Amino acid sequence: MAPHWNGRVQDPRPPVRPGNAFDVRLPAEPRQLALLRTVTEGVAERAGFAPDGIADLKMAVDEACSLLITVASPLEALRCRFRTLGGEVRVTVTAPTLWAADTTSFGWRMLKTLAGSLFANLSPPLARIEFTQHASS
């Protein structure tokens, strides 16, 4: 049951305001991807994405994180930062790495196709992928 205030039902989720940002830090392990998909879905819904846009954003985050997980240094954390700006979500994924990620992989090509804009530095010691998705994409 939702909490009430002055007779009105209150949404328990915090509102998405322009410039909202938060980080998720997880072990750089494939089993953590399910949690990141769930977080991504919630962010996309709050930013006003349609179902297809939500699916695209989840897939882009999944591909970016998977790419960095494969080259992450052992026992290091994967950091995924979400920033919402109106109907836009900017995602930055970083991980300490031992070697460069593969830009010839299917996952990289998929990410390039899904991302509205894409920046990447895939070289050690800290690989970084940043992309933006718009709710209308």
Side-chain angles (χ1 to χ4, degrees):
M1 187 166 161
H4 289 74
W5 178 256
N6 285 344
R8 294 184 186 164
V9 175
Q10 299 295 309
D11 188 344
R13 299 173 297 181
V16 174
R17 295 184 183 96
N20 273 355
F22 66 94
D23 292 344
V24 177
R25 289 178 189 255
L26 300 166
E29 300 172 353
R31 66 183 179 179
Q32 302 297 332
L33 292 173
L35 177 59
L36 283 171
R37 285 185 210 109
T38 302
V39 169
T40 302
E41 183 173 359
V43 169
E45 285 176 355
R46 298 294 294 187
F49 280 55
D52 287 345
I54 293 170
D56 287 348
L57 184 60
K58 284 172 58 176
M59 194 177 312
V61 168
D62 193 70
E63 293 300 339
C65 292
S66 294
L67 189 66
L68 294 190
I69 285 171
T70 62
V71 295
S73 301
L75 305 175
E76 291 289 351
L78 179 77
R79 176 183 168 206
C80 190
R81 174 169 239 213
F82 296 90
R83 288 184 301 242
T84 58
L85 304 164
E88 173 182 289
V89 175
R90 179 169 290 165
V91 179
T92 305
V93 182
T94 58
T97 62
L98 297 173
W99 55 86
D102 182 10
T103 58
T104 63
S105 68
F106 177 76
W108 176 252
R109 289 193 304 268
M110 180 72 92
L111 179 60
K112 284 177 58 176
T113 301
L114 292 168
S117 65
L118 177 63
F119 166 82
N121 176 8
L122 302 175
S123 301
L126 184 69
R128 177 179 173 203
I129 298 173
E130 185 171 322
F131 62 92
T132 303
Q133 289 287 91
H134 300 276
S136 60
S137 297

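Owing to the predicted nature of the structure, the values given are computational and were not obtained by experimental measurement.
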Shortest non-hydrogen contact between [X] and [Y], atoms and distance:
| X | Y | result |
| --- | --- | --- |
| Ala47 | Ala135 | O-CB, 4.1 Å |
| Val71 | Ala100 | CG1-O, 3.8 Å |
| Arg83 | Ala21 | CG-CB, 3.4 Å |
| Pro96 | Ala77 | CD-O, 3.5 Å |
| Ser73 | Thr97 | OG-C, 3.4 Å |

Starting from the C-alpha separation in whole Å, work towards a yes-or-no answer on side-chain contact (heavy atoms from CB on, under 4.5 Å) for Glu45 and Glu41. CA-CA 6 Å; Glu45 285 176 355; Glu41 183 173 359; 3.5 Å; yes
Are [X] and [Y] close enough that some pair of their side-chain heavy atoms sits under 4.5 Å apart?
| X | Y | answer |
| --- | --- | --- |
| Leu78 | Cys65 | yes |
| Thr132 | His134 | yes |
| Asp56 | Gln133 | yes |
| Leu85 | Glu88 | yes |
| Met110 | Leu114 | yes |
| Phe82 | Asn20 | no |

Only residue of Asp23, Thr92, Thr94 satisfying side-chain hydrogen bond (donor to acceptor under 3.5 Å, both in side chains) with Arg79 is Asp23
With hydrophobic residues grouped by side-chain heavy-atom distances under 4.5 Å, do [X] and [Y] end up in a single group?
| X | Y | answer |
| --- | --- | --- |
| Leu33 | Leu26 | yes |
| Leu68 | Leu35 | yes |
| Val91 | Phe22 | yes |
| Leu57 | Val24 | yes |
| Leu118 | Val61 | yes |

Could you go step by step and tell me if Phe131 and Leu111 meet the side-chain contact (heavy atoms from CB on, under 4.5 Å) rule? CA-CA 9 Å; Phe131 62 92; Leu111 179 60; 4.2 Å; yes
Measure the spacing between [atom1] of [X] and [atom2] of [Y] and express it to the nearest 0.5 Å.
| X | Y | atom1 | atom2 | answer |
| --- | --- | --- | --- | --- |
| Arg81 | Arg25 | CZ | CZ | 9.5 Å |
| Thr40 | Asp62 | OG1 | CG | 8.5 Å |
| Asp102 | Trp108 | CG | CH2 | 10.5 Å |

Report, one line per pair, each donor and acceptor closer than 3.5 Å where one atom sits in a side chain of residues 121-129; sequence neighbours left out.
residue, atom, partner, partner atom, Å
Asn121, OD1, Ser123, N, 3.3
Arg128, NH2, Glu130, OE1, 2.3

